[in-house]
Structures are given as structure tokens and as C-alpha cells.
Peer 1: 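My structure is below; once you've seen it, I'll send some questions.
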Amino acid sequence: MAQETSLDVGPVVLLGPPGAGKGSQAKRIMEHYCIPQVSTGDILRRHIAEGTDAGLVAKAVMARGELVSDVLVCEMVRQRLKQPDCKRGYVLDGFPRTAAQAGWLDALLDDKLFDNSRPTRAWPIVIRLDVDYNQLLLRITGRRSCPTCGRIYNVHFQPPRADEVCDVEGCKLVIRNDDRLEVLQPRLSAYEEQTRPVAGYYQRTGRLMSVDGDLPMDEVTRRIFRIIEDHQA
Ligand code: AP5
């Protein structure tokens, strides 16, 4: 991939169904533009691992493949975006995921009281990754991740050098609890019913860009970087 750049980027929103590549591409955006990845799925999994009250509520909901309540998730995002590392921009991975969350995000970015920590560009660049259904199944069932550094692998498409072991940390890779086949269908239904309308929300306001997420990982990254840089120009 191209060299790192430290230009102000503003908020980037990655939309797409489970397995579309949001997390993988968010990590590349983070490394290339030196802005943080704000993944609501990762934040929720951290709460679950730490056994917080929010984690206890989220655990059962996520295990069923449903969406956690807007109130809980929005508050987590608000707290995270107040951190100083979000000032130059950030990449939202897995948020917003409902029309209510999208409206809430616009209101937050427009809120003068939030001015202290808002990034230089208020309106997000919204990029949707479109991926074929059968490809999604392979991606989700083949996904493995490193419990230490969070790197994402895939036994079909991006296998680690040694079987089931992280290339960087050397520890055993894990399978996410909600990547079980029986949870997959509810997750995909939640996307169709609750998250697809979010793309419509951004499309109506002329802010939606689409990328063919079926392409090889590096090509998807190249197209995303081009969108971000066109937006900066
Ligand atoms: P979350 O963690 O956000 O999961 P998700 O949206 O279901 O997305 P995934 O993480 O499954 O996929 P991804 O698009 O990041 O793909 P990845 O890069 O890993 O959410 C989990 C749960 O938390 C939700 O179900 C919900 O309960 C709750 N939640 C989270 N946010 C919420 C919110 N805002 N509101 C309410 N509830 C919320 O890639 C997948 C695999 O494909 C990998 O193995 C990767 O190596 C491979 N791959 C990626 N790109 C390519 C490519 N181009 N070619 C080949 N392989 C590829």
C-alpha cells in the first residue's frame, strides 16, 4: 500500500453487511491516514470481555445476531469521539447502523456544544462496501482474528503463514462467537431491515459512495483511498 499520510481526513463512515470488509479496510485507513478506527463491534466486545453492565446487556443481544439498543451504542460512540485522537478524523466501522443512529450522528456533528472535540470536517464521507451474498458466507465462516492485536485473517482468502496462528503475535487465532452459522442469518436480516435504510438516508443527502467489495482487498483499499483523497481535494 501507499505511504502513510497525516492530512486531516474528517469522519469516514464504512457501511456494509457483516463480512463486507469494514473492519479490514478500517484498519488500513487507520494506518494510512493515522486516524483511529472506531468500531462499535470492538467496543461492545471489549465491554463483554470486561464484564461491564453494558457488556452484560450486549452479550445476549449479540449472541442472537440482533442489534444492541441505539441508546447504548450512541453513548459509547459519543464518549469515544470526545477523545483527543479523534480531532483530525476517525473511521467509523459498524456505526451508524440504524436510521436513528445516522440522525443522531448528524446532530452530534452539528452540535456546537461538541465543538471542543469535533474534527475539522463535520460531514462524514460515507462509503458502502457491496458484496455478493455467497462471498459473505465464505468470508464470515472463514474469518479468524488475533485476540491480542485484532488482526483479521481468513482461512480461504488471507490465511496466516502458520495454520491458525497470528503472523505478528504468534498466538492462536480465534473465531468470533457470532460467526456461527446459526447466528449469521439473523445478522444478515438485521442488516437488510435496519441498516440498508441508512444507505438510503445518506444517498438522499448526496453523501453515499459505493465500492465493489467483491474485488481483491488491495483494490478495495485503493478505491477507498481515492474517494477519501477526492473528498479532501
Ligand atoms: P460488528 O463487529 O460491527 O460486525 P459486522 O458488522 O457484522 O461486521 P463484521 O465484523 O462481521 O464484518 P466486516 O465487514 O468488519 O468484515 P471483515 O473486515 O472482518 O458487529 C457485531 C455485533 O455487534 C452486531 O451484530 C450487533 O449485535 C452489535 N453492534 C455493533 N455495532 C452496532 C451498532 N452500531 N448498533 C447496534 N448494534 C451494534 O472481513 C470479513 C472476512 O472477510 C475476514 O476474514 C477478511 O479477511 C475477509 N475479507 C475482507 N475483505 C475481503 C476481500 N476484499 N476479499 C477477500 N476477503 C476479504
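Remember, it's 1-based here, ligands and their atoms both numbered in the order they're listed. Any value given below was found using the heavy atoms of this structure, including those in side chains, with hydrogens, waters and symmetry copies removed. As the structure is a prediction and not an experimental result, all values here were calculated from the model. Heads up: numbering here begins at 1 and tracks the sequence.
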Peer 1: With rounding to the nearest 0.5 Å, note down the distance linking SG in C146 to OH in Y153.
Peer 2: 6.5 Å

Peer 1: Please name the residue in the list Q194, R97, Q101 that meets the side-chain hydrogen bond (donor to acceptor under 3.5 Å, both in side chains) test with D70.
Peer 2: Q101

Peer 1: Run through ligand 1 for me and note each protein residue having a heavy atom under 4.0 Å from it, chain first, then residue number.
Peer 2: P17, P18, G19, A20, G21, K22, G23, S24, T40, G41, L44, R45, M62, E66, L67, V68, V73, G94, F95, R97, Q101, R139, R143, I152, Y153, N154, F157, Q158, R176, D178, R187, G213, L215, P216, M217

Peer 1: Please check this pair: side chain of R64 against backbone of P186, looking for a donor-acceptor N/O pair closer than 3.5 Å.
Peer 2: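 No; judged by distance alone, with no hydrogens or angles, the pair does not exist.
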
Peer 1: Where the side chain of Q25 meets the backbone of G21, is there a donor-acceptor pair that is under 3.5 Å apart?
Peer 2: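 Such a contact is absent between Q25 side chain and G21 backbone.
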
Peer 1: Give me the atom names and distance for the closest heavy-atom approach of E192 to P197.
Peer 2: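 It is O-CD, 3.9 Å.
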
Peer 1: Tell me which donor-acceptor pairs under 3.5 Å the side chains of residues 162-172 have, and how far apart each pair is, sequence neighbours excluded?
Peer 2:
{"from": "E164", "atom 1": "OE1", "to": "R144", "atom 2": "NE", "distance (Å)": "3.2"}
{"from": "E164", "atom 1": "OE2", "to": "R144", "atom 2": "NE", "distance (Å)": "3.4"}
{"from": "D167", "atom 1": "OD1", "to": "R161", "atom 2": "N", "distance (Å)": "2.8"}

